[in-house]
Amino acid sequence: MDTLEERSSLLENALLQNGDSELYTGDGSVDANGKRVAKQNTGNWKACCFIIGAEFCEGLAFFGISSNLVTYFTKELHQGNVAAAKAVSIWQGTTYLTPFIGAIIADAYLGKYWTIAAFSIIYFIGLCALTLSASITPANTFQSAIFLCGLYLVALGTGGIKPCVSPFGGDQFDDTDPKERAKKRSFFNWFYFTICIGIFMATTFLAWIQNNVGWGLGFAIPTLCMGIAIACFLFGTPFYRFQKPNGSPITRMCQVLVASYRKRNLEVPKESDLLFEVQENNSVMEGSCNKLKHTNSLKFLDKAAAMSVVEISNGENSFNPWSLCSVNQVEELKTLIRLLPIWATGIVFFVDAAQVSTMMLEQGMVMDSTIGSLTIPPVALATFDVVVILLVVPMYDRVIVPFVKRFTGNEKGFTELQRVGIGLFILVLSMSAAAVVEMYRLYLAKELGLVDKKVYVPLSILWQIPQYVLMGTAKVFTSIGQIEFFYEESPSAMRSLCSALLLLNLSLGFYLNSVILIVVTFFSTKGGKVGWIPDNLNEGHLDYFFWLLAALSFLNFLVYIVFAMNFKHKKSAY
């Protein structure tokens, strides 16, 4: 007599053979026990609630440390302004480079879930070290050593979380199900919304505690938040859907490059069916949810999948992966290469975004920050774009998308590429608005005889609001659009790696901003001139700098249009 377990297994096999897409996912995902995923019990928002909850707590912890770090270096560790700025810059650069470590580990070995879990523990230990160091008084070398150790453990911990969380959330929705695919778009909106809530609370509530109550409590709260994040993430385990790791994406890409070079003199068959593709059960892409269809672009790489006479005679079971690669493996590299031009246009976006905490802040410091008896610190407006994001994201998801969908027929309203492009154009308007405000401020300075005086000009700081509103709106379109676009278009086996590329985008944007400032200062101060951005902004031309960024952003927008119009979307073979 059949046992209940055997009957259940027979039923599952029958459903699998019948392709019952209503009960089971069709994207190759499995549950926590490695079994085929039942839609009713896993994934969707029941899983994403845990992921978003954990991300909120982690974001609050991260920005609770990073947003006020310079103050700790100067006031508690007694470092000079230059030394403190250098230390924070190096640490921030590290936090956006370590995601490549986490991405490779996730895609190649552990998978996204276990990578997040393992690196979260490292993250938590680092935060505990920071809290301990803040409790040691007076400050000494031992305290500094513990603090720096904890700080770089946090940087390493973020490396395993940042590139994996948003792709892991996207994995909770079945790409083969139109209803779930539509819900995925909302996930990325609310995921970014959650991050912004964390930023807002960290730069207001937590910063106030650190400056006015104490750094021990100021670091203990982020540590507690990270502990809650880990617990929240682990509690959702029974509801998650998992994609198996597929082997090192870096190795697979190198294999294609080496194989195509070694066969550079081999003729590629005209019929793509003659190119090499392994059987599904022997695939070097074990765990991949689908294979990619052959494309005619970058034909040189197809040589890696062309079989020589010797390889044909030996059969596929004895192939050398450094001389013969599957079509799917070749198409993975092609897809990544096609993404690079779109990715590159995002660097200028983050150059402009960097102005929120740099030149826009400097501009606000020489404007009238009083409204009646109330004084508004310029840094308060620097977080105004975050407030705008918190307001616009729900509006976009609930109002703009349903409205636009009536005209476009697209379930997402705008496509990902359209959404990114709209944000890039709004960014031009933001830089232009900042330039116009600065022109008027300099005009008042000249009229009132304040050019030679390092004082604020009686122009209300509230005139900066339009540029911050436009900046926040641009982020809603471009930043979220980039996250969704790279998830959808990246090969399923490289989603963590592509997510890490987006973080590198941010890092390169800040570096490029520094280069632009150096170049502008060098050329504008020639001949003994004060330059565009002197210590006394009243005798400079910060408006020229903003117009330069507006022009650069507009040029970047035009280049993006060309790349977007010629972009070839990936196609699944089945």
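The chain is numbered in sequence order, starting from 1.
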Output every pair passing ring pair (Phe, Tyr, Trp, His ring centres under 6.0 Å) with a member in residues 333-356, not counting sequence neighbours, ordered by first then second residue. none

Ring centroid separation F477 to Y396 under 6.0 Å: yes

Fit a plane to each ring of W45 and F187, take the angle between them on a 0 to 90° scale, and name the class: parallel (under 30°), tilted (30 to 60°) or perpendicular (over 60°). tilted

State whether a side-chain donor-acceptor pair under 3.5 Å links E331 with T295. yes

Heavy-atom side-chain contact between F173 and N44 under 4.5 Å: yes

Using side-chain heavy atoms (C-beta onward) and a distance below 4.5 Å, is V437 in contact with M367? yes

Minimum side-chain heavy-atom gap V476-R419 below 4.5 Å: yes

Considering only heavy atoms from C-beta outward, does the side chain of I101 approach that of I105 to under 4.5 Å? yes

P167: which residues meet the side-chain contact (heavy atoms from CB on, under 4.5 Å) condition with it, sequence neighbours left out? K112, Y487, R495, S499

Under a 4.5 Å cut-off applied to non-hydrogen side-chain atoms, are F191 and I195 in contact? yes

Donor-acceptor contact present, side-chain E55 to main-chain V165, <3.5 Å: no

T335 side chain vs S490 backbone, donor-acceptor pair below 3.5 Å: no

Below 4.0 angstrom, N of the basic side chain to O of the carboxylate: do D302 and K334 qualify? yes

Between F239 and F235, does the ring centroid distance fall short of 6.0 Å? no

E484 and Y192: CA distance, side-chain angles, deciding distance, side chain to side chain contact (heavy atoms under 4.5 Å, CB included) verdict: CA-CA 11 Å; E484 187 174 0; Y192 193 76; over 6 Å; no

So Y560 and F567, ring-ring contact (aromatic ring centres under 6.0 Å, His included) or not? Walk me through it. CA-CA 10 Å; Y560 172 81; F567 182 78; 9.8 Å; no

Centroid-centroid distance, W190 to F193, less than 6.0 Å: yes

I want to check something: taking the side chain as every heavy atom from C-beta on, are W463 and R441 in contact at a cut-off of under 4.5 Å? no

Could you tell me whether the side chain of S430 and the main chain of Q467 form a donor-acceptor pair under 3.5 Å? yes

Under the criterion side chain to side chain contact (heavy atoms under 4.5 Å, CB included), I'd like the reasoning laid out for T478 against V420: C-alpha separation, chi angles, the key distance, then a yes or no. CA-CA 4 Å; T478 296; V420 171; 4.0 Å; yes

Heavy-atom pair with the smallest gap, counting every atom of I371 and L462: CD1-CD1, 3.4 Å

Within the 4.5 Å heavy-atom criterion, are M471 and M431 side-chain neighbours or not? yes

Between F233 and Y240 (judged by ring centroids, cut-off 6.0 Å), do the two rings come close enough to count as a pair? yes

Tell me, do E416 and E489 make a side-chain contact under 4.5 Å, heavy atoms counted? no

